[in-house]
Amino acid sequence: RTCTHPKMGSLSSDAPVHAVLFPFMSKGHTIPILHLARLLLRRSLAAAVTVFTTPSNLPFVSRHLAGTPASAVSLPFPGGISGLPSGVESTDALPSMSLFPAFASATALLQPSLEAELQRLHPQPTFMVSDGFLWWTLESASKFGIPRLVFYGISNYAMVVSRAVAVENHLRGPMAEDEPFALNAFPWIKVTKNDFERHFSQPSTEDTPLLEFVMKTVVTMGKSNGLVVNSFKELEPAFLEYWNSECVPRAWCIGPLFPLERPVAHDPHVRTTWAEWLDRKQAGGERVLYAAFGSQAEMPAAQLREIAIGLERSGASFLWVVKSRESEIVADVDGGFKDRFEDRVRGRGMVVREWVDQRDILMHESVHGFLSHCGWNSVLESMCAGVPILAWPMMAEQPLNARMVAEEIGVGLRVEAADGTVRGFVSREGLAKAVNELMEGDRGEAVRKKVKEVAAMARKAAEEGGSSWTALETLVEEISGKR
Ligand code: UDP
Ligand code: UDP
C-alpha cells in the first residue's frame, strides 16, 4: 500500500483542530462538503471549521451551516472575466455547460484572496479539504504548511474505471463508439467509448484548455495528502482496495455525506405542496416515481417533451422536478392533443418548478423509484433511501455511475435509447416501458430488494463504529498529527 502523508502532523498534537473546507461552486460538489463541516463539529473532530465560497454562493452555504459554529468566508470573484457572464459564480448558474472550462480556469483568480484569508485565520488551519477542481488550492495550502485533502464527488468505481481506461489506452483504440470492451484490470466490466465525454475519446484542439485543466486536477490530486470519497467501503470494496494499492493519494471512504434520518417532522404550516401531494399518494396506496436530472445536465427541448409524453403513457404516478429553463417547454407540451400535458395528468403526476429537498422526497414512503441522471449524489441518496434507480446518464461520469447501479451493484435498471446507444434519444415508448418495469415488473422487484440491503449497509457504515465513522476519525487524527 502506498502511503502518502508527506507533510502530516506539522502542528503540535494538542493544538485545536481547525478544518478549512473549500467546495467547488456547484450544488453537487458543495452539499456533501457542508455536511462534512457539520459532521466534524458534531463529532468534536474539529474545534473550528471555516468554509470558503464566493459571494453569490454565500447565502446557500450560510443557510446550510445555520445553527453550527462553522464560519463561511466569501472570496470576491473578480469581475469582467472574458467569456463568462458577470455575476455567475457557480456552474449550475452558467447559461451553458460549454462555459465550464472558462469557469473552472477562472476559479484560480481566487488564489490571492484565499491566501490572504489563510494568513489571517485563527486558530491556524490544521488541514484543508478542497475540491479536486480547485487544483490550485494545493499550492496555497503548501505555502502555509497546511496538508490538503482532495474531495472528488465521485465513487471509487468511477475513479478506478476512468483510470484503467486511460492507462490501458482504450479511448484511442479501434473500437466503434458503442462497441463494448472489457478492462484488463476488471475483466468483468465492459464499457464503451460512449461512456466517456467526447473530449476524452475524440479530442479536438478546442478541447485543449479542458484537457489541460483535467490534467492539472489529476497531477495536484496525486501530490495531495489524501482523497476524501463520498461513499462507503462496503459498497465498493474491490474498487477502494484497487485505488489504494495502485494510486495516490490514499482514498478514505467517509460517506454517505448526508444525514440518514428523515428531516424532522414538518411544521404543517410550511409543508410544501409536493410534500402534501406525496402524503396524499401515500394515503391512497399509490407508488410514486420521482424524476429529476440534477442541477447541471442540459436536456434538449425535444427530449423534454418526449419525457412528458413517456411519463403520461407509463400510467405511473410521478413527481417530476424541472429546472427553471425547462419550465416553459414542459408547460407547452400538448403531444398533439387539445389539452396540455399537465392538465391531462393532473392528480396523477405533478411537475415541480422549484429547488426541492431531494432527500426528503426520496425518503417519503410513497416514492418507489427514481428516474435519475445518475449524478453521484443522487445515486447515493437514492441507495441510502432504499429507492431503486432508473438510470438515465447525461454527462461527466454519470454513464459509469449508471453501469455501477445497473451492472455492478444491481440497485437499478437502465433507460434504453431508441438506437441502443448510451447517448441516444429516448422514445416515449422506451421510457414508459422502463418505468413500468421498474415500478411493477419482476426486474424492478429484484433491484428494489437489493437496494434495501444496500441502504442497511450504508446505515451501518455511517453509525458509530462503522467503516465510514471510523475512517473519518482516523483520517482527522492522522492528518492533525494526533496519531
Ligand atoms: N438537489 C436538491 N434539490 C433539487 C435539485 C438537486 O436537493 O431541486 C440536490 C440533490 O439532492 C443532490 C445535488 O443537489 O445532492 C445534485 O447532485 P448530483 O450529483 O446528483 O447531480 P449534479 O447536480 O451534480 O448533476
Ligand atoms: N468530467 C468528465 N467530463 C466533463 C467534466 C468532468 O469526464 O466534461 C469528469 C471530471 O474529471 C470528474 C468527473 O467527471 O472526474 C465528475 O465531473 P463533474 O463533477 O463535473 O460532474 P457532476 O457531478 O458535477 O455532474
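If you're wondering where the values come from, they're calculated on a predicted model, not measured in any experiment. Atoms within a ligand are numbered from 1 in the order they appear, just like the ligands themselves.
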Task: Side chain, backbone, both or neither: Glu381 near ligand 1, heavy atoms under 4.0 Å - done: side chain
Open item on the list: Exactly one of Phe186, Tyr242, Trp243, Phe239 should register a ring-ring contact (aromatic ring centres under 6.0 Å, His included) with Tyr157. Which one does?
Closed with: Phe239
- [ ] Could you list which atoms of ligand 1 come closer than 4.0 Å to a heavy atom of Trp376?
- [x] 19 (O)
TODO: For ligand 1, find out whether one of its N or O atoms is nearer than 3.5 Å to an N or O atom of Asp357.
DONE: no
Task: Shortest non-hydrogen separation from Ser62 to Ala72 and the atoms involved - done: OG-CB, 4.1 Å
TODO: Could you tell me whether Trp355 approaches ligand 1 through its side chain, its backbone, both or neither, with non-hydrogen atoms closer than 4.0 Å?
DONE: both
TODO: Using salt bridge (charged side-chain N to carboxylate O under 4.0 Å, His left out) as the criterion, list what pairs up with Arg163, not counting sequence neighbours.
DONE: none
Open item on the list: For Phe133 together with Phe100, are the ring centres under 6.0 Å from each other?
Closed with: yes
Open item on the list: With the threshold set at under 4.0 angstrom, would you say His373 reaches ligand 1 through any of its heavy atoms?
Closed with: yes
Open item on the list: Please tell me whether Tyr152 and Thr217 have a donor and an acceptor in their side chains that are separated by less than 3.5 angstrom.
Closed with: yes
Task: Distance-only polar pair, side chains of Trp355 and Ser295, donor-acceptor under 3.5 Å - done: no
Open item on the list: As a check for students: among Val321, Val356, Thr30, identify the option with a heavy atom nearest to atom 7 (O) of ligand 1.
Closed with: Val356
- [ ] Go through ligand 1 atom by atom and flag the ones less than 4.0 Å from a non-hydrogen atom of Gly375.
- [x] 18 (P), 19 (O), 20 (O), 21 (O)
Open item on the list: If we count only N and O atoms by modelled type, under 3.5 Å, do the side chains of Ser162 and Glu397 hold a donor and an acceptor together?
Closed with: no
- [ ] Specify side chain, backbone, both or neither for Asn377, according to which of its non-hydrogen atoms lie closer than 4.0 Å to ligand 1.
- [x] both
Open item on the list: Is it the case that the side chains of Ser90 and Asp92 hold a donor-acceptor pair, with the cut-off being a distance below 3.5 Å and no angle test?
Closed with: yes
Open item on the list: Under a 4.0 angstrom heavy-atom cut-off, which atoms of ligand 1 come close to Gly294?
Closed with: 23 (O)
- [ ] Classify the contact between Arg359 and ligand 1 as side chain, backbone, both or neither, using a heavy-atom distance cut-off of under 4.0 Å.
- [x] neither
- [ ] For Gly28, counting its heavy atoms only, list the atoms of ligand 1 lying under 4.0 Å from any of them.
- [x] 17 (O), 24 (O)
